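Since the structure comes first, as structure tokens, the remarks are kept for the end.
Predicted, not measured: the structure shown is a model, and the values here were computed from it. Counting starts at 1 for both ligands and their atoms, in listed order. Values reported hereafter were calculated over all heavy atoms of this structure, with side chains retained and with hydrogens, waters and symmetry mates removed.
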Amino acid sequence: MLEITDLRAGYGKLEVLHDVNLSFQANLFTAVLGPNGSGKSTLLKSIFGITHIFSGSIQLDQNELVGLRTEALQRHRIAYVPQRANVFAAMSVKDNLLLGLRQSSRAERRERLSEAYELFPILGKREGQQAGQLSGGERQMVAMAIAWLMQPRVLLLDEPSAGLAPVVVKDVFQTLQTLRDSGVTLVVVEQNARSVLRWCDYVYVMREGRLVFSGTAEACLADEEMVKSYLGVGMPQPVNRRPIVQSDD
Ligand code: ADP
Ligand code: MG
């Protein structure tokens, strides 16, 4: 469980996130939505330790993450897939994937690579190609696969569906549901609320650095104001949603 309490964070002297409280449960696909500039990317960067934290806490299973360096965060098995520049364009798909396996033995690398190709079948077919020559969706799969190979407990993804064709978006979100089912705590930032709301379990909506909604994807869709503000017209049909069990604490 990843718990963010009274977080104020930003860049230099600029505070972008104001008193944000959120929690992310393992086994749930949680989406963070909101218009452009609302602080979604800043939230992910704060969890990953690359913003200025003014105050508040970010805890993973009661361990404080604020103040930890990247290597320490990686030891906590937190992986971050930024929106852009998330693969090495001049390297082959396979060499990109091997970046996620730097700590592994040769035999382990071979085994984990073949697991990655099972989870991301397209990558097996593209193994020898330069990542820069792939389609946007394939590149997104490479970035997700590198992160997955690090065996993250928390996976942070910034707009994984941005710029992708609808059929590819479906592949990406379907793969994210598979990761969710394997126990990864998924934090997915999206501006394209309409499509992610079909796939995610839990939703936070941000606006101008503050949280304006939290609840299940169903509750979000049932909130007409929310639908009007963030989805436009038309309700998506949910796919393979998890029932939410609320804990008492
Ligand atoms: P979103 O991802 O929701 O579109 P961001 O978190 O990227 O929003 O941005 C939130 C606010 O923080 C915006 O006003 C943006 O201009 C500002 N901001 C983002 N990155 C930086 C940065 N590196 N330095 C200064 N301000 C930034
Ligand atoms: Mg952003």
Side-chain angles (χ1 to χ4, degrees), residues 2-24 29-58 65-70 73 78-87 136-137 139-144 146-147 152 154-166 168-169 172-173 176 185-200 202-215 217 220 223 225-232:
L2 178 66
E3 190 105 42
I4 297 180
T5 314
D6 299 334
L7 182 69
R8 296 173 176 270
Y11 308 91
K13 287 186 178 148
L14 174 71
E15 186 178 299
V16 171
L17 300 178
H18 315 290
D19 258 323
V20 171
N21 290 278
L22 322 100
S23 68
F24 300 96
F29 179 161
T30 305
V32 180
L33 311 177
N36 197 13
S38 56
K40 306 181 299 297
S41 296
T42 303
L43 176 70
L44 290 194
K45 289 190 252 178
S46 298
I47 299 169
F48 200 61
I50 51 177
T51 60
H52 181 72
I53 309 281
F54 295 96
S55 61
S57 104
I58 302 175
L65 302 182
V66 170
L68 297 188
R69 302 171 69 92
T70 313
L73 290 167
I78 297 175
Y80 167 54
V81 180
Q83 190 181 347
R84 272 176 284 273
N86 50 21
V87 302
R139 268 206 307 276
Q140 189 59 45
M141 291 288 186
V142 173
M144 281 161 49
I146 297 170
V154 178
L155 181 52
L156 312 169
L157 294 126
D158 201 345
E159 304 212 27
S161 83
L164 305 184
V168 186
V169 170
V172 167
F173 287 145
L176 291 180
T185 302
L186 262 189
V187 182
V188 179
V189 158
E190 278 289 349
Q191 208 172 311
N192 177 0
R194 194 172 188 280
S195 78
V196 74
L197 274 166
R198 299 184 64 207
W199 300 88
C200 68
Y202 203 82
V203 180
Y204 291 108
V205 181
M206 297 184 56
R207 191 185 183 101
E208 293 173 4
R210 295 174 203 280
L211 202 63
V212 293
F213 175 88
S214 65
C220 182
D223 185 327
E225 272 311 302
M226 206 53 67
V227 170
K228 240 193 287 174
S229 316
Y230 301 104
L231 304 180

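Heavy atoms of Val16 found under 4.0 angstrom from ligand 1 belong exclusively to the side chain. Contact annotation: for Leu43 versus ligand 1, there are no heavy atoms closer than 4.0 Å.
Within the 3.5 Å criterion, the main-chain N or O of Glu159 finds no donor-acceptor partner in the side chain of Gln191. The main-chain N or O of Asp6 is found under 3.5 Å from a side-chain atom of Asn21 such that the two form a donor-acceptor pair. Put simply, the side chain of Lys40 never gets that close to the backbone of Met206: no donor and acceptor are under 3.5 Å apart. Under the 3.5 Å distance criterion, the side-chain polar atoms of Lys45 are left unmatched by any main-chain donor or acceptor of His52.
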Test side chain to side chain contact (heavy atoms under 4.5 Å, CB included) applied to Tyr202 and Ser214, step by step: CA-CA 8 Å; Tyr202 203 82; Ser214 65; 4.3 Å; yes
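Look at Ser38 and you'll find a heavy atom under 4.0 Å from some atom of ligand 1. Heavy atoms of Gly10 stay at 4.0 angstrom or farther from ligand 1.
Ligand 1 has no nitrogen or oxygen under 3.5 angstrom from a nitrogen or oxygen of Leu14. Not a single N or O atom of Gln191, backbone or side chain, sits closer than 3.5 Å to an N or O atom of ligand 1.
When hydrogens are left out, the protein atom nearest atom 19 (C) of ligand 1 is Tyr11 CE1, 3.5 Å; that is the closest non-hydrogen contact. Nearest protein heavy-atom contact of atom 7 (O) of ligand 1 is Ser41 CB, 3.7 Å. The shortest contact between atom 13 (C) of ligand 1 and any protein heavy atom is with Gly37 O, 4.0 Å. For atom 8 (O) of ligand 1, the closest non-hydrogen atom on the protein side is Gly39 N, 3.2 Å.
With sequence neighbours left out, the salt bridge (charged side-chain N to carboxylate O under 4.0 Å, His left out) criterion links Arg139 to no other residue.
Paired with Thr42 under the rule side-chain contact (heavy atoms from CB on, under 4.5 Å), one option of Leu17, Leu14, Leu7, Val189 passes, and it is Leu17.
Between Tyr204 and Phe24, the ring planes are perpendicular. Angles over 60° get that label, and only those under 30° would be called parallel.
Counting protein heavy atoms under 4.0 angstrom from atom 11 (C) of ligand 1 gives one or more. In this structure, atom 16 (O) of ligand 1 is not in close contact with the protein, since no protein heavy atom lies within 4.0 Å of it.
Summarising the geometry, atom CD1 belonging to Ile4 is positioned 12.5 Å from atom CG belonging to Asp19; distances are rounded to the nearest 0.5 Å. His18 contributes atom NE2, which lies 12.5 Å from atom CG of Leu211 (distance to the nearest 0.5 angstrom).
Every atom of ligand 1 is numbered from 1 in the order shown, and the set under 4.0 Å from a heavy atom of Asn36 is 4 (O). Every atom of ligand 1 is numbered from 1 in the order shown, and the set under 4.0 Å from a heavy atom of Pro35 is 3 (O). Heavy-atom contacts of Thr42 reach the following atoms of ligand 1: 5 (P), 6 (O), 9 (O), 10 (C) (cutoff under 4.0 Å).
Here Ser41 reaches the Mg ion (ligand 2): one of its N/O/S atoms is less than 2.8 Å from the metal.
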